[in-house]
Amino acid sequence: MVTDLPDQPENIVKSAARLRILQTTDLHAHVLAFDYNNNRLFARRGLSRTAVQIEHARAQAGASLLFDSGDFLQGSPLADRLAQTPQAAPYDHPVITAMNLLNYDAATLGNHDLDFGLAHLSAALSQANFPVVSANLRLPAEAVPQLKRFVILQRHLEGHDAPLRIGVTGCLPDITLRGAAGFDPSISCDPMIPALTRAICDMKREGAELIVVLAHCGKAAIDAEQIKRHGVDVVLGGHTHEVFPAPEAPHAPLPHSDAPVMISGALGEYLGQMDLSLTRVQNTWQTQAAHIKMIRNPLDAPESQPLVSALAPHHNETLITISKPIGETSHQIDSFFALTANNSALQLVARAFTSALSKDHAESEWAQLPLLSAIAPFRTGGLNGPRYYCHIQTGALRLRDLDKLYSFPDTLCALLLNGKALRAWLEMSASIFRQIPDGSHDHTLHDPEFPSYLFDVIPQLDYEIDVSQPPRFNERREQINFGRGRISALSYQGSPVTDEALFVMAASSFRARGVMPVLPEKDTPHLLFDTGVSCRSAIRSYISKTSPISLAARPSWRFKPQANTSARFLTSQRATSDPDHGISFMRNTDDGFAEMRISLAGRQKTQEPCA
């Protein structure tokens, strides 16, 4: 993609100096090309592969910069195990070791970099040889002294004596602080645009001539917040794991007031490359054009051997740790149809939640209220690709399998809520589905913009989802439709759920932080307590107590029947047709998914043996 900035004579652009900006984002500790959850190599992922692309890109450029837009410390057993096993000083974090080896110039923090607390974050960043910046994230200076509002870097461009001074800052939407970080009152985010404006003014006061914002937010948020303006020259996004511009994107000029935006996917599969054409006019630098290229790692690409060697001790220790057995399963456990039917993998987690909370619930003043549990699928393909599904074969369950069932270090909480809030919760979840007209065939079932981690199921309830109605919420949890909604026939143990009925809900700390639609104060779910027990620990304990696992999914939610109507959806190519749920295979797609058809006319059976 080539983004033209304000028109200049052709000869000026041709004689312009060049600056190459390279970006990774949302590495989630995938610094090696090894898939610890499935005990095999990834096809394309891993910073160790991207490192080869970085080396080539730098060699071709006279002046270059390498940045990361956040969420680099969490998300792989290679790094996550360190948060549970205190390390002696000096601290050795594999992600920081890798980033130091690649000579990153700066990074910003994402929400998941805060998941393990400030002490862990500070210990990891104390090892970093690169600055970490954010204009609006507020952390106690005494706890995380490494975080700076901005940094000014310099690069000498070919044919020019005066160096280019590059101001670099970052930003993080406060709505993303919904996990463990949200419970720490010392962590907060200022509104992004005012904070960025102040940082940009300060950087320019200190002589910055080019402003780069490392924004841990996706394209929609970048557009909504107008980050591309306000004196910004380059925006490097993240958080959503999207690739922007698409690798095949044609020439697409932006308005002159906008800065070029680049978002390089996730998990070390892509390297973003932006070549800026700059000219010096009246002792100041001006950007003439931005040439953007998304470099995807080839299949089974070689890894950087210095990086692999440096991380070998961490890799070997991780393999030993995650191979420990925790139980057995007598059926396959998967998430292939978790977004289209009752799924025993989700219900296994839901039972683990209620089991872990049952004692505290029974001893509380709310013991007379029904105990429910909410859980959403994390591994459902999407932007993370056709291999990103939970798939656990019959036999031994090992520590690595916990990450397939629950991917984040959230803690287990109890919420008090009424029936009105419960219905709104389910309406938000049901908004993942597109509207499917009666009598239509093979419309796309799922909204690709709506994240699967917002599709909560509550298996103790019974309810219908009417996808002939429009969704009530968008992917940002904003109400967009005030009609009758999609949830009907909502009941608990055979009795209709009224707006005034009260329940206790076992849910993750991520949910307890308010990842819910806005409700009147009297209807807003109330946090009763946080157990302090991690969700993964609760699942591990339940598996150990009930092994071997043999769990059939309870009939709970269902689509409201629509005569002579079908829809289509994508899933893993390991999935097979499921006539009991009206699901039949259509084709394998070029990008590695299987496309399935689901009949919405009603199904004969509603149980599945362990997903």
Review point. Of the non-hydrogen atoms in Pro94 and Val31, which two are nearest, and what is the gap between them?
Key: O-CG2, 4.4 Å
Check your understanding: Just checking, is any N or O donor in the side chain of Ser264 or Gln23 under 3.5 Å from an acceptor N or O on the other one?
Key -> yes
Check your understanding: For the residue pair Leu196 and Gly170, what are the closest heavy atoms and their distance?
Key -> CD2-O, 4.0 Å
Exercise for review: Could you check if a side-chain atom of Ile375 sits within less than 4.5 angstrom of a side-chain atom of Phe353, using non-hydrogen atoms only?
Suggested key: yes
Check your understanding: Heavy-atom distance under 4.5 Å between the side chains of Phe67 and Leu22, does that happen here?
Key -> no
Check your understanding: In Å and rounded to the nearest 0.5 Å, what is the CG to OH distance from Leu422 to Tyr463?
Key -> 9.0 Å
Check your understanding: Do any N or O atoms from the side chain of Gln74 and from the backbone of Ala29 form a donor-acceptor pair under 3.5 angstrom?
Key -> no
Review point. Is the backbone N or O of Pro520 less than 3.5 Å from a side-chain atom of Thr524, with the two atoms forming a donor-acceptor pair by type?
Key: yes
Review point. Do any N or O atoms from the side chain of Thr411 and from the backbone of Gly532 form a donor-acceptor pair under 3.5 angstrom?
Key: no
**Study point:** For the student: nearest non-hydrogen atoms of Ala43 and Arg387, plus distance
**Key:** N-NH1, 4.0 Å
Practice item. Evaluate side chain to side chain contact (heavy atoms under 4.5 Å, CB included) for Leu47 paired with Arg49, printing each intermediate quantity in order. Key: CA-CA 5 Å; Leu47 183 61; Arg49 285 182 171 142; over 6 Å; no
Review point. Checking salt bridge (charged side-chain N to carboxylate O under 4.0 Å, His left out) for the pair Arg400/Asp35: CA distance, chi angles, key distance, verdict?
Key: CA-CA 10 Å; Arg400 68 165 61 93; Asp35 180 355; over 6 Å; no
Review point. Side chain of Thr380, backbone of Ser452: donor and acceptor closer than 3.5 Å?
Key: no
**Study point:** Centroid-centroid under 6.0 Å between Phe433 and Phe559 rings
**Key:** yes
Check your understanding: Is there a side-chain contact between Pro525 and Leu519 (heavy atoms, below 4.5 Å)?
Key -> yes
Practice item. Give the C-alpha distance, both sets of side-chain angles, the deciding distance and a yes or no for side chain to side chain contact (heavy atoms under 4.5 Å, CB included) between Asn588 and Phe585. Key: CA-CA 9 Å; Asn588 288 329; Phe585 173 80; 3.4 Å; yes
Study note, to complete from the structure: Interatomic distance, CH2@Trp557 vs CG@Asn342, rounded to 0.5 Å, equals 6.5 Å
Check your understanding: Roughly how far apart are Leu397 CG and Ile333 CD1, rounded to 0.5 Å?
Key -> 5.0 Å
**Study point:** Main-chain N/O of Leu27 paired to His30 side chain as donor or acceptor, under 3.5 Å
**Key:** yes
Review point. Asn37 and Arg379: side-chain donor and acceptor closer than 3.5 Å?
Key: yes
Check your understanding: Side chains of Phe529 and Leu357: does their closest heavy-atom pair fall under 4.5 Å?
Key -> yes
Point to revise | Donor on one side chain, acceptor on other, Gln435 and Ser468, under 3.5 Å | key: no
Check your understanding: Using 4.0 Å as the upper bound for N to carboxylate O, is an ion pair formed by Lys404 and Asp334?
Key -> no
Point to revise | Phe378-Tyr406 aromatic ring centre distance below 6.0 Å | key: yes
Study note, to complete from the structure: Value for CZ (Arg423) from CE (Met428), rounded to nearest 0.5 Å, stands at 15.5 Å
**Study point:** Closest non-hydrogen atom pair between Asn136 and Leu172, with its separation
**Key:** ND2-O, 2.7 Å
Point to revise | Distance (rounded to the nearest 0.5 Å) between Ser76 OG and Asp403 CG | key: 8.0 Å
Exercise for review: Grab the two heavy atoms, one from Val349 and one from Ile539, that are nearest each other, plus how far apart they are.
Suggested key: CG1-CD1, 3.8 Å
Review point. Going through the checks in order, is the side chain to side chain contact (heavy atoms under 4.5 Å, CB included) test met by Val497 and Phe503?
Key: CA-CA 10 Å; Val497 174; Phe503 299 87; 3.9 Å; yes
Practice item. Examine distances only and state if a side-chain atom of Gln573 and a backbone atom of Phe593 form a donor-acceptor pair shorter than 3.5 Å. Key: yes
Check your understanding: Under 3.5 Å, is there a donor-acceptor pair between the side chain of Arg486 and the main chain of Gln469?
Key -> yes
Check your understanding: Can you list the steps and then say if Leu236 with Thr25 is a side chain to side chain contact (heavy atoms under 4.5 Å, CB included)?
Key -> CA-CA 9 Å; Leu236 304 180; Thr25 188; over 6 Å; no
Revision key, fill the gap. Note: Ala512 and Leu527 closest approach over all heavy atoms is CB-CD1, 4.0 Å
**Study point:** Gap between atom OG of Ser69 and atom CG of Leu109 - 0.5 Å precision
**Key:** 11.5 Å
**Study point:** Heavy-atom side-chain proximity of Thr108 to Val132 below 4.5 angstrom
**Key:** no
Check your understanding: Can any side-chain N or O of Gln562 pair as donor or acceptor with the backbone N or O of Ile436 at less than 3.5 Å?
Key -> yes
Review point. Any chance the side chains of Ser566 and Asp442 put a donor and an acceptor closer than 3.5 Å?
Key: yes
Exercise for review: State plainly whether the residues Asp174 and Arg138 are in salt-bridge range, i.e. N to O under 4.0 Å.
Suggested key: no
Check your understanding: Are Asp115 and Asp113 close enough that some pair of their side-chain heavy atoms sits under 4.5 Å apart?
Key -> no
Review point. With distance as the sole criterion, is a donor-acceptor pair present between the side chains of Thr318 and Arg81 under 3.5 Å?
Key: yes
Check your understanding: Do you see a donor-acceptor pair shorter than 3.5 Å between the side chains of Asn111 and His216?
Key -> yes
Review point. Hey, is the main chain of Ala338 close enough, under 3.5 Å, to the side chain of Ser335 for a donor-acceptor pair?
Key: no
Check your understanding: In terms of the angle between their ring planes, are His112 and Phe408 parallel, tilted or perpendicular, with boundaries placed at 30° and 60°?
Key -> parallel
Check your understanding: Checking salt bridge (charged side-chain N to carboxylate O under 4.0 Å, His left out) for the pair Arg511/Asp410: CA distance, chi angles, key distance, verdict?
Key -> CA-CA 9 Å; Arg511 282 294 180 272; Asp410 306 321; over 6 Å; no
Check your understanding: Does the distance from a Lys or Arg side-chain N to an Asp or Glu carboxylate O, for Arg536 and Asp401, drop under 4.0 Å?
Key -> no
Exercise for review: Taking the side chain as every heavy atom from C-beta outward, state whether Leu372 and Tyr492 have any atom pair closer than 4.5 Å.
Suggested key: yes
Exercise for review: Indicate whether any N or O donor in one side chain lies under 3.5 Å from an N or O acceptor in the other, for Arg574 and His391.
Suggested key: yes
Review point. Thr24 and Asp68: side chain to side chain donor-acceptor pair (under 3.5 Å), yes or no, with the steps?
Key: CA-CA 5 Å; Thr24 59; Asp68 187 271; 2.6 Å; yes
**Study point:** Close aromatic pair by centroid cut-off 6.0 Å: His446 and Phe455
**Key:** no
Check your understanding: Quick check: does any side chain N or O of Ser572 sit under 3.5 Å from a backbone N or O of Phe336, one acting as donor and the other as acceptor?
Key -> no
Revision key, fill the gap. side-chain contact (heavy atoms from CB on, under 4.5 Å) filter on Gln479, not counting sequence neighbours, yields Arg472, Phe473, Phe482
Point to revise | Distance-only side-chain donor-acceptor flag, Asn297 / Glu269, under 3.5 Å | key: no
